[in-house]
Amino acid sequence: MPSLTVKAVAHPTMGIVLLGGLSDPVLRLPYHNSAGICYSLDDRESVSETTLTITGRQLKNTLNGEPISENDSRSPFKFIDIYRDEMQRKFKGNIYFNSENRNIISGSSDAGAAALGKCISWILPGIDQKELEMNMRKVSESAGRSYHGGLTVTEGTQKPFTRKILDESSFENYRILSVVFPHKRKPSDDIHFNQPRSDYYKKRIMNATKNVETLKELARKNEVKKIFELAMADTDDYHYLNDLVNVNIITDEMRALMERVREIRKRMWATYIVTGGNSVFLVTDANMVEKAKEIAMEHSREVHVLKVAGGARVVDTKEED
Ligand code: MEV
């Protein structure tokens with residue numbers, strides 16, 4: 001049997017119809033449908049680059065150059081082990097994992113899980129894609145977004161499945177500024193395990209479900225501006241709920257920029273998205289990016305220009321006897 005090296009890359013993601021609330025802390029199952037996009041820095045690829053090697057040689061397992069142990073609780077081996085026997089029926093030796101994040105500003109776990117999922121899927125082309133997504137989401141609940149790329153919806157609560165509804169090429173004429181504020185982000189689990197406690201949560205499930213339906217309609221008609229406007233309304237609803245349960249993601253500084261965006265919308269097209277982190281994402285026409293950047297820099301010194309990116313892909317393979 002031959003030995004093998006397979007390398008895949010995947011991009012980080014952000015929500016468009018934001019995911020809030022998980023019914024199972026291990027399987028990380030959602031209570032409602034959601035939607036998202038993959039993104040990259042505009043001038044350099046932002047990716048998690050993951051290599052799986054199956055070989056008789058002795059190698060090290062690493063994450064960003066640091067050694068990782070197979071027994072670690074968040075170890076990628078929890079995921080690899082599910083497919084270990086099947087992979088070792090095709091290739092001979094131990095399985096090694098090496099992963100590096102390149103130019104990822106924050107939130108690499110979707111990309112990491114998706115790149116690994118892509119490697120496994122290349123080795124085992126017949127595997128059930130729904131099962132694969134269920135296994136990826138145990139590592140990171142929105143990995144499906146990163147796996148498929150472009151604009152995706154994730155539907156279902158017991159066996160959620162993600163599919164692409166609009167190709168990244170439809171977003172070519174748009175840029176997203178990540179305006180980063182210098183405070184530490186809260187863990188997303190604060191959102192996921194507090195939102196369902198609110199009386200408003202039932203309404204949030206209804207709103208998110210409806211927003212996903214509207215989004216699918218807008219994607220069919222390629223109405224990109226309206227997609228981002230819907231994302232802005234969804235951000236407002238999501239953080240209204242977060243504030244009700246005292247998970248305050250939006251600081252005064254972030255709120256000031258969001259208000260500024262609402263104000264400039266009278267003169268120039270722009271929208272915002274805030275997910276779970278310490279950034280306001282400011283969406284603009286590509287030809288207005290310099291103007292938007294000027295405005296953003298009045299609010300923060302750290303601004304990155306992003307664009308919508310594609311799905312996970314295999315970039316290199318090598319088989320040896
Ligand atoms: C994290 O699981 C979910 C958020 O990032 C929102 C989203 O992207 O849908 C907080």
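Keep in mind that what you see is a predicted model, and the values were worked out from it rather than measured. Order of listing sets the numbers, starting from 1, for every ligand and every atom in it.
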Location of contacts on R145 toward ligand 1, heavy atoms closer than 4.0 Å: side chain
F228 vs Y174 aromatic rings, parallel, tilted or perpendicular, using cut-offs 30° and 60°? tilted
Against N135, only a single residue in I82, I80, I120, L116 fulfils side-chain contact (heavy atoms from CB on, under 4.5 Å); can you say which? I82
Short N or O distance, G15 and ligand 1, threshold 3.5 Å exclusive: yes
Testing the 3.5 Å rule here: is there a donor-acceptor pair between the side chains of D110 and S140? yes
Would you call the rings of Y39 and F281 parallel, tilted or perpendicular if under 30° counts as parallel and over 60° as perpendicular? tilted
N or O pair under 3.5 Å between V17 and ligand 1: no
To the nearest 0.1 Å, how far is atom 1 (C) of ligand 1 from its closest protein heavy atom, and which atom is that? H192 NE2, 3.4 Å
Proximal atoms of ligand 1 relative to G276 (non-hydrogen, under 4.0 Å): 10 (C)
Any donor-acceptor N or O pair under 3.5 Å, side chains E320, T55: no
The protein heavy atom nearest to atom 2 (O) of ligand 1 is E141 OE2, 2.4 Å
Considering only the protein, which heavy-atom contact is closest to atom 10 (C) of ligand 1, and what is its distance? Y238 OH, 3.3 Å
Mind telling me whether Y201 and H32 have parallel, tilted or perpendicular rings, with 30° and 60° as the class edges? tilted
Quick one: which ligand 1 atoms are inside 4.0 Å of a heavy atom on S188? 1 (C)
